[in-house]
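Encoded as structure tokens, the structure appears first; notes follow it.
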Amino acid sequence: MTTSLLSPGTPEKSLPDSWRGEIESRLAAGETIESWLEIDLDSRLQFARGLVVATTRRLLAHAPGAGTWESWDYRPGLALDHRDHAGVGTLELVDAQGRLASWRYTLGHNVTALKLLRAFEEQLASALSGQPVPLPEEMLCPKCKAPLEPGVEECPICTRETQVPPSTWTLFRLWRFAKPYKGQLLAGFLLTLASTAATLVPPYLTMPLMDNVLIPFQNGKPIDVGLVTLYLSGLLGAALLAWGLGWARTYILALVSERIGRDLRTTTYEHLLQLSLEYFGGKRTGDLMTRIGSETDRINVFLSLHLLDFATDVLMIALTAVILFSIHPWLAVVTLLPLPVIAWMIHIVRDRLRTGFEKVDRIWAEVTNVLADTIPGIRVVKAFAQEKREAARFREANLHNLALNDRINKTWSLFSPTVTLLTEIGLLVVWGFGIWQISKGEITVGVLTAFLAYISRFYTRLDSMSRIVSVTQKAAAGAKRIFDILDHVSSVPEPTNPVHLKAVRGEIELKGVGFRYGTRAVTRDVDLLIHPGEMIGLVGHSGSGKSTLVNLICRFYDVSEGAVFIDGVDVRSVPVAEFRSNIGLVLQEPFLFFGTIADNIAYGKPDATREEIIAAARAAHAHEFILRLPHGYDSLVGERGQGLSGGERQRISIARALLINPKILILDEATSSVDTETEKEIQKALDNLVRGRTTIAIAHRLSTLRKAHRLVAMDRGQVVEVGSHDELMAKEGHYYRLYQAQARNVDTELELTSLPTPVKEHAA
Amino acid sequence: MSATPQLSRSPFGHLVLATADGPREVVPVRAFPIAEPERGISLVDGDGHERAWIDCLADLPAPHRQLVEEELASREFVPEIRALKEISSFATPSTWQVDTDRGPFALVLKGEEDIRRLSQTMLMIADSNGIQFLIRDLSRLDRGSRKLLDRFL
């Protein structure tokens, strides 16, 4: 049995040392470990560690809490059952008489558990038959059954879920968006430098103005008009220069930041559109709208205004410090004394404010969510007269927002005045120290005046700089939420090595397909081969997994287990957009976008000619009613297609699907929301659509499926029956019961008699 | 369905209900697992059909009640978080070291939206594997845990 050493059940990681010693002493000579599963729950579902091991001869287990090992030698009748419920997986060892043991684990270990199961089954079969475990032809990923490269143990498709948190230095990540504007940013920075320097000239000029003009005048010397003119024109020139440079800098940087904002918004939205339906299912519309709308704007304002101001402030402070030190080092030291105190305060307040602003953002999204919930559902709100309750919900969300803001403002409002107070104290110190120095003859009055002029600017700058704390935190919180979207990898990823489909024949194959939504296994082990041009009818109770299957075929979701193939190619290796362009979808609730009817029909093929649009509308039996509208094909239809009946909207969506001429067609309850009369009309349209295409139709009314080549009956996520109507009726199984239930329904009886097999023949 | 259901356990470990058409394997399901776990328990068969309804667990005779409780205990898995000890980062995905009523565990939070507020003080947290963790009363968590959690709310 040496071959079995190479079996896919070989553990991918070596056994933890804590177990290794214990288990190796128990193995008989020649017995090897084939697979193992570390379990993390006991029978009462308390977290506890245990181990289940499949060896070449038996199954060994150390149940959590139990001090001993149990062992079951491979023998006929032994079987391992696997199932999961609410995030807990269960393995049960049974034989014909009953349950021998059961083990529980959290679903994070599911892949390992399935490996163990496989290894157990292979080893059991081999032990019973005496045949060695067959070498697998190729390594398959235990989760998705995709072939693995030799030597690669983790499937690249399945391990895409990264668990690495994004860096907290989120704002720096905005550089990615600033990069294209490097040149302008550099120009802006140089201009900032120059204009800041220009604004520092006037206080410097006060020094000679005082010492060379005013003080000598007080001491009886006449005013030197030439010197005064020189200094004053210097002041004017500096002011004009600062104005010009300031204008150029603000203009350039504002332009750049608007562009960065635009890029950020569009990139985020484009990324959002690439994400799978799974993402949208878990998010609320209002929240996403706030993120893309107002938060990009906030980042934008931050970049164009606050960051700019901040840069100016820092420069100003640095330059001022340099000038002050060059004039008089000791006075400079005294002047700069409050700086560390203020820096420390900023640091203290920053943390509080950051968390606060993050919360405000979330609450704000909550407020928007209430709106996004209520406005589309306004009919329900009004019908049940719950306006007051909705108003109260909104008020409560606002109140929460208010309370949070109040709390932050408490910290915030204390902050600014404190900075001002420190500023005043700083000025006082400089005055005192300056007067003392003048009295000792160390400095001139001019120097003190210049210092006072500088530091009043200096401290106002410091004050405005302290404001950067809050806006930076707000922007950082916004940026984090934006990058949350940008960092989200689509669970329907684009393939790294895309396979391009040439001419699609329309063959679809599902192999061992399973899908899990949260902890709920929605479909399990679905195997189905659909031939090109075949029409398949999916039937079953609601919740039996029909729509999920269709979503998997469309690749709105990716399978949790197994794979879907189109023309023999795994759909995961085909570029998503290329794959979907081969699929026409008609949904139960047709969605019409705001725009003309022609636009709506041409949605999947925007460059369609008018003739094509009309041909599609004709084939969809929509042409005539469209002509009856006041503006024909140019009639505007609203957000949800107001003004058109359900049947009319449905026919427009059929025309939409017809126009892209897809090889694969999916009808998801396309006729369920309309009356039987309209259904006939739609049915005629659908008959045109189905011709020559691989069609998968879901229908509640079995009459809709009378043209289907094969019917697939589903129940609780599994395919229970496949066959033609007659075959399935003869079987008297699941489909038969569904059919009988509908036959009893008076409403549909008329329809059903038109089916190939008369109802009465099989009716009980 | 008001009569006391006749329950037993099969050698396969399943709960079996005696019905008019013979014994059937059933599983107990709580109707309000969070709001009112002790009342309203449905016995559902393998096809997902309700076979019996128990208004109140306390009304069952002791041996039957024990059977149902055992079965529930081995099926229901909503660990209650008692304390948050450590959080790997405030940005998601984030790994939380938590103490639950079922022992310590490291859960991975995929996004803030996986924390759902059931009421003013009750939270439901879904981890990356879809396990639901409950925080029954926010105000009864210790200060440190509340502070950590607060960053996500």
Side-chain angles (χ1 to χ4, degrees), chain A residues 40-49 64 81 84-90 92 94 96-102 104 106-110 161-168 170 279 282-284 287 354-355 358-359 362-363 366 480-481 483-484 487-488 516-520 541 543 715-716, chain B residues 9-14 27 29-30 33 46-49 69-79 87-96 98-117 120 126-133 147-148 150-153:
Chain A
D40 53 359
L41 290 170
D42 68 9
S43 60
R44 304 283 300 177
L45 298 182
Q46 308 280 330
F47 292 112
R49 278 167 32 131
D81 281 345
D84 62 76
H85 171 77
V88 179
T90 307
E92 274 185 341
V94 294
Q97 278 72 50
R99 182 166 68 182
L100 301 170
S102 80
R104 318 290 187 116
T106 56
L107 272 191
H109 300 287
N110 208 29
E161 205 176 323
T162 59
Q163 311 240 307
V164 187
S167 155
T168 39
T170 346
Y279 184 80
K283 296 281 177 189
R284 298 175 73 180
D287 179 46
R354 184 184 51 210
T355 48
E358 261 186 48
K359 280 176 167 226
R362 257 173 290 199
I363 286 298
E366 185 64 41
K480 189 204 145 201
R481 288 158 62 80
F483 280 108
D484 270 353
D487 290 340
H488 196 97
R516 180 183 303 285
Y517 196 88
T519 61
R520 234 180 83 218
H541 294 291
D715 189 34
R716 281 175 299 149
Chain B
R9 189 175 285 283
S10 76
F12 288 93
H14 299 295
V27 284
V29 179
R30 291 191 213 262
D47 296 327
H49 295 298
E69 278 175 346
E70 269 174 25
E71 189 68 19
L72 281 171
S74 71
R75 274 176 59 81
E76 293 205 317
F77 189 61
V78 183
I87 279 173
S88 69
S89 97
F90 289 113
T92 53
S94 156
T95 309
W96 296 15
V98 293
D99 271 340
T100 71
D101 59 340
R102 296 171 188 269
F105 191 69
L107 69 93
V108 176
L109 182 78
K110 267 200 302 194
E112 280 151 11
E113 64 280 353
D114 287 339
I115 305 180
R116 278 174 47 212
R117 213 175 250 279
Q120 215 41 34
D127 90 337
S128 59
N129 286 314
I131 302 172
Q132 306 277 334
F133 290 83
K147 224 171 163 179
L148 287 177
D150 204 42
R151 293 287 297 270
F152 292 89
L153 299 179

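Chain letters run A, B, ... following the sequence lines, proteins first, then strands; residues in each count from 1.
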[X] versus chain A, the contacting section by heavy-atom distance below 4.5 Å:
X: D150(B); result: both
X: T100(B); result: side chain
X: P104(B); result: backbone

Let me know if [X] has heavy atoms under 4.5 Å from chain B in its side chain, its backbone, both or neither.
X: D81(A); answer: neither
X: A96(A); answer: backbone
X: L100(A); answer: neither

| request: Report the residues that fulfil side chain to side chain contact (heavy atoms under 4.5 Å, CB included) with A106(B), sequence neighbours left out, ordered by chain and then residue number. | output: T95(B), Q97(B)
| note | Heavy-atom closest pair (R102(B) atom, Q46(A) atom, distance to 0.1 Å) is CA-OE1, 3.1 Å
| request: Would you indicate whether R9(B), at its atom CZ, is surrounded by more than 12 heavy atoms from other residues, nucleotides or ligands within a distance under 6.0 Å? | output: yes
| query | Relative to the ring of F77(B), is the ring of F47(A) parallel (under 30°), tilted (30 to 60°) or perpendicular (over 60°)? | reply | perpendicular
